[in-house]
Amino acid sequence: MSKISSINPLNVGWLSCALEPNEIDYVWKRVKEKEKSTDTMNHRLAGNISTSKKLEDPDDWFYNNVLVNCCHAYNSLYGNIGGDIPISEKYLPYYMKEWWVNYQYQHEFNPLHDHNGVYSFVIWLNIPIEYDEQNEGNLAT
């Protein structure tokens with residue numbers, strides 16, 4: 001067998017954004033609309049998560065008011081990672097194909113995974129404990 005070596009590309013970075021109260025309210029409204037829905041995304045989950053519900057973005061409000069700004073910020077910092085992907089003129093510059101909410105409980109997890117698309121995002125809406133408490137004793141000093 002020939003020599004095996006690892007390749008560790010540099011991370012292209014990510015953004016951390018604080019949503020405005022009206023943006024958070026919008027997301028919560030979308031989540032609450034789907035609480036009783038049977039339109040799940042469980043079949044698409046990579047991890048061990050009990051429930052995932054598909055969300056709607058009427059009139060592309062969240063995309064246009066939040067995600068477009070994030071795409072522009074990312075592009076200015078790291079370059080347009082989608083610039084070399086051959087996509088249809090119909091979808092330029094970008095669009096949000098789908099989004100969902102995961103209801104994740106103790107001992108459930110989402111492993112390292114990827115998505116089909118150029119960009120991806122996560123919003124944590126309800127975290128049961130504080131970051132410092134959760135990571136107490138886990139951080140290197």
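Salt-bridge annotation for Lys53 and Glu35: absent, with no side-chain N of the basic residue lying under 4.0 Å from a carboxylate O of the acidic one.
Phe109 and Trp100 end up in different hydrophobic clusters when Ile, Leu, Val, Met, Phe, Trp and Tyr side chains are linked at under 4.5 Å. Tyr26 and Leu125 fall within the same hydrophobic cluster, where Ile, Leu, Val, Met, Phe, Trp and Tyr residues are linked whenever their side-chain heavy atoms come under 4.5 Å apart, directly or through other members.
With rounding to the nearest 0.5 Å, the separation of CE in Met96 from CD in Glu98 is 10.0 Å. Rounding to the nearest 0.5 Å gives a distance of 4.5 Å between OH of Tyr119 and CG of Asn80. One finds the CE atom of Met41 at 13.5 Å from the OG1 atom of Thr51 (value rounded to the nearest 0.5 Å). For the atom pair Asn65 CG and Asp59 CG, the distance stands at 10.5 Å (nearest 0.5 Å). Atoms CD and CD1, on Glu108 and Ile49 in that order, are 6.5 Å from each other to the nearest 0.5 Å.
Looking at Tyr105 and Ser50, their side chains come closer than 4.5 Å, going by heavy atoms from C-beta outward. Proximity of Val68 to Tyr63: side-chain heavy atoms (C-beta onward) are separated by under 4.5 Å at one or more points. Looking at Asn102 and Ser52, their side chains come closer than 4.5 Å, going by heavy atoms from C-beta outward. Side chains of Leu77 and Leu15 form a contact here, defined as non-hydrogen atoms less than 4.5 Å apart.
Under the 30°/60° scheme for interplanar angles, the aromatic rings of Phe62 and Trp99 are found to lie parallel.
Results of the salt bridge (Lys or Arg N to Asp or Glu O under 4.0 Å) test with Glu56 over Lys32, Arg30, Lys34 single out Lys34 as the only residue that passes.
In terms of heavy atoms, Pro111 sits closest to Gly47 at CD-CA, 3.3 Å.
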